Number of protein chains: 2
Amino acid sequence: MLDRGDHREGVRRLADTRQRLVDGAFETIRRHGVAGVSARTIAGVAGANQALIFYHFGSVDALLVEACRATAAQRVGHYRDELAAVTDFSALLDLGRRLHAEERELGNVTVLAQLLAGAQGNPRLAEAVNAALGLWTAEIEQVLARLLRGSPLSDLVDPAGLARAVSAGFVGLELYEAADLEGAEAGMAALEQLGVLLEVVDELGPLARRALAARIKRR
Amino acid sequence: MLDRGDHREGVRRLADTRQRLVDGAFETIRRHGVAGVSARTIAGVAGANQALIFYHFGSVDALLVEACRATAAQRVGHYRDELAAVTDFSALLDLGRRLHAEERELGNVTVLAQLLAGAQGNPRLAEAVNAALGLWTAEIEQVLARLLRGSPLSDLVDPAGLARAVSAGFVGLELYEAADLEGAEAGMAALEQLGVLLEVVDELGPLARRALAARIKRR
DNA sequence: GTCTATAGCTGGATAGAC
DNA sequence: GTCTATCCAGCTATAGAC
């Protein structure tokens with residue numbers, strides 16, 4: 001059927017198999033969740049032979065790990081410059097909105113959530129997902145730390161923790177979406193409202209600012 | 001070995017099988033995640049025969065649905081009175097801390113997160129998890145709505161959305177925990193800090209309060 | 001209601017031809 | 001590198017003895 005074995009460099013009938021398997025793994029998780037993943041289903045989506053997963057990666061788990069790693073590295077890199085250019089909470093919220101919409105659209109959040117769930121009792125996968133999430137949170141944390149310097153919020157909010165809470169919120173809401181779409185959307189909106197609150201508080205006038213700082217200190 | 005078949009009412013060597021299967025299902029998810037769940041693993045944990053799952057519930061899925069339903073109903077009922085007695089954000093935060101600690105300890109959050117992940121592409125399970133989460137969010141939403149009346153935050157924060165965002169945050173962080181314990185704890189702390197921020201803002205003096213309300217209106 | 005046994009299937013993984 | 005064929009483990013679900 002296909003002209004397999006053709007090795008002229010210009011042909012590229014399909015991307016090389018290894019890559020197609022990685023993409024297929026991602027797509028399979030996105031569509032059916034980790035529960036629906038197997039060597040056979042992935043191979044089916046990738047249009048490749050099941051045995052090739054073991055030839056190229058050694059095991060199905062190892063393929064999932066690679067899919068996780070590759071996606072995170074690529075996507076985080078895609079936003080690095082934009083995140084570095086952010087100078088206030090308002091801009092961060094705007095970027096956050098866009099970033100989340102883009103990643104959701106691509107299915108990256110769903111896949112991350114599913115991998116995270118699958119990592120329960122699977123140390124190899126857990127390590128990979130941890131690394132992937134670490135790439136995201138490190139970037140966000142850096143921006144938050146920069147913005148919080150000199151803010152009345154700096155005594156209250158821990159950048160590292162907030163970065164993880166926001167990531168976890170996205171992940172949790174994405175899972176929620178499969179069970180209750182409208183509820184998840186309302187939750188998403190609330191997350192934005194909290195962002196607006198941070199922004200508003202951060203931009204308070206000197207008087208209100210001092211009152212707030214005093215209140216925070218007292219706790 | 002065991003004196004099976006003994007039907008004297010006082011014996012109760014073990015709780016009735018149906019209940020042990022529900023508990024076993026819960027425990028299996030908690031320990032190994034949805035990925036590790038099967039009729040055999042559940043039966044093993046429950047100390048029962050695998051075939052009894054199909055006799056009592058018809059399918060493994062149906063057993064998971066029942067475990068989800070039973071746990072949620074029981075636990076939400078457990079907090080209803082306390083939630084109804086809450087009259088300010090400070091008390092809500094205190095209760096929230098305790099509630100979350102208790103539920104985490106019991107494994108209820110982990111199980112919910114795992115079921116949520118498994119609900120992807122499993123409509124029957126999705127419906128059950130949706131109902132379970134609905135019980136929680138309905139209670140939280142009610143308290144939030146009550147507390148927000150008259151607060152400068154009422155124009156900004158939607159109780160229904162916030163209830164879902166908080167639930168999703170807990171769920172997401174619980175998943176996170178399997179991959180990165182310290183990170184998840186930092187995230188949890190940040191969630192509390194946001195709670196404190198709500199509390200502080202809510203209790204602001206009239207002057208700062210007015211400044212804040214004006215800022216919020218402007219957006 | 002509970003057990004054993006088993007049918008029938010899907011899954012991970014490997015051997016070996018090409 | 002890719003394909004076919006296959007082994008074997010584990011799974012759902014049912015039949016039937018007790």
Side-chain angles (χ1 to χ4, degrees), chain A residues 1-9 11-25 28-29 31-67 114 118 121-125, chain B residues 1-9 11-25 28-29 31-67 114 118 121-125:
Chain A
M1 318 165 163
L2 294 182
D3 52 355
R4 62 180 171 210
D6 192 328
H7 55 296
R8 283 180 300 139
E9 75 285 38
V11 172
R12 281 190 319 103
R13 280 229 10 77
L14 289 166
D16 78 291
T17 303
R18 205 191 136 86
Q19 186 57 48
R20 260 168 43 232
L21 285 172
V22 173
D23 296 344
T28 307
I29 299 174
R31 293 216 284 254
H32 311 297
V34 255
V37 162
S38 77
R40 284 166 160 82
T41 56
I42 293 175
V45 171
N49 189 291
Q50 171 259 145
L52 291 176
I53 288 174
F54 303 95
Y55 174 76
H56 284 288
F57 300 94
S59 72
V60 174
D61 265 15
L63 169 54
L64 298 187
V65 165
E66 173 57 20
Q114 286 291 322
N122 185 337
R124 291 243 300 283
L125 194 52
Chain B
M1 317 165 164
L2 294 180
D3 51 356
R4 63 177 172 211
D6 192 328
H7 55 294
R8 284 178 301 138
E9 75 285 38
V11 174
R12 279 190 318 106
R13 284 237 353 89
L14 290 167
D16 77 292
T17 303
R18 206 192 134 85
Q19 185 58 47
R20 258 169 44 234
L21 285 173
V22 172
D23 296 343
T28 307
I29 299 174
R31 293 216 285 254
H32 310 296
V34 256
V37 162
S38 76
R40 282 166 158 79
T41 55
I42 293 174
V45 171
N49 188 290
Q50 171 260 146
L52 291 175
I53 288 174
F54 302 96
Y55 174 77
H56 284 290
F57 300 94
S59 72
V60 175
D61 265 16
L63 169 54
L64 297 187
V65 165
E66 174 57 21
Q114 286 291 322
N122 185 337
R124 291 243 300 283
L125 194 52

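Only a predicted model underlies this, so the values are computations on that prediction, with no experimental measurement involved. By convention in this document, chain letters (A, B, ...) are assigned in the order of the sequence lines, proteins followed by strands, and residues within each chain are numbered from 1.
- The closest donor-acceptor contact from the side chain of B:Gln114 to the backbone of B:Gly33 lies at 3.5 Å or more, if one exists at all.
- Listed for the A:Arg124 side chain is no donor-acceptor partner under 3.5 Å among the backbone atoms of A:Val65.
- Nucleotide D:dG10 holds its C1' atom 15 Å from the CD1 atom of B:Ile42, rounded to whole Å.
- Proximity of B:Phe57 to B:Val22: side-chain heavy atoms (C-beta onward) are separated by under 4.5 Å at one or more points.
- Residues A:Asn49 and A:Tyr55 have side chains not in contact (no heavy-atom distance under 4.5 Å, counting atoms from C-beta outward).
- Residue A:His32 contributes atom NE2, which lies 15 Å from atom P of C:dT10 at whole-angstrom precision.
- Annotation for A:His56 and A:Arg18: closest pair O-NH1, 3.5 Å, computed over non-hydrogen atoms.
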Tabulated below should be each protein N or O lying under 3.5 Å from an N or O of nucleotides 4-9 of chain D; please produce it.
residue : atom : partner : partner atom : Å
D:dT4   : OP2  : A:Asn49 : ND2          : 3.4

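- Atoms CG (A:Leu21) and P (D:dC3) sit 10 Å apart, rounded to a whole Å.
- OP1 and OP2 of D:dG10 both lie 4.0 Å or more from every side-chain N or O belonging to B:Ser38.
- The OH atom of B:Tyr55 sits 5 Å away from the P atom of C:dG1 (whole-angstrom rounding).
- Shown here are the side-chain hydrogen bond (donor to acceptor under 3.5 Å, both in side chains) partners of B:Glu66, two or more places apart in sequence or in another chain: B:Arg69.
- For the pair A:Phe57 CZ and C:dA13 P, the interatomic distance rounds to 14 Å; values are reported in whole Å.
- Atoms CZ (A:Arg124) and C1' (C:dG12) sit 13 Å apart, rounded to a whole Å.
- Heavy-atom distances to DNA chain C give each of B:His56 and A:Thr41 a nearest nucleotide, and the one nearer the 5′ end belongs to B:His56.
- The side chain of B:Phe54 lies closest to D:dA13, out of D:dA13, C:dG11, D:dT2.
- Regarding contacts with the backbone of D:dG1, every side-chain N or O of A:Thr17 stays at 4.0 angstrom or more from both OP1 and OP2.
- The distance from atom CG of B:Leu21 to atom CG of B:Leu63, rounded to the nearest 0.5 Å, is 6.5 Å.
- The nearest whole Å value for the distance from the CG atom in A:Leu52 to the P atom in C:dC18 is 18 Å.
- Straight-line distance from the CD1 atom of A:Ile53 to the P atom of C:dG12: 8 Å, rounded to whole Å.
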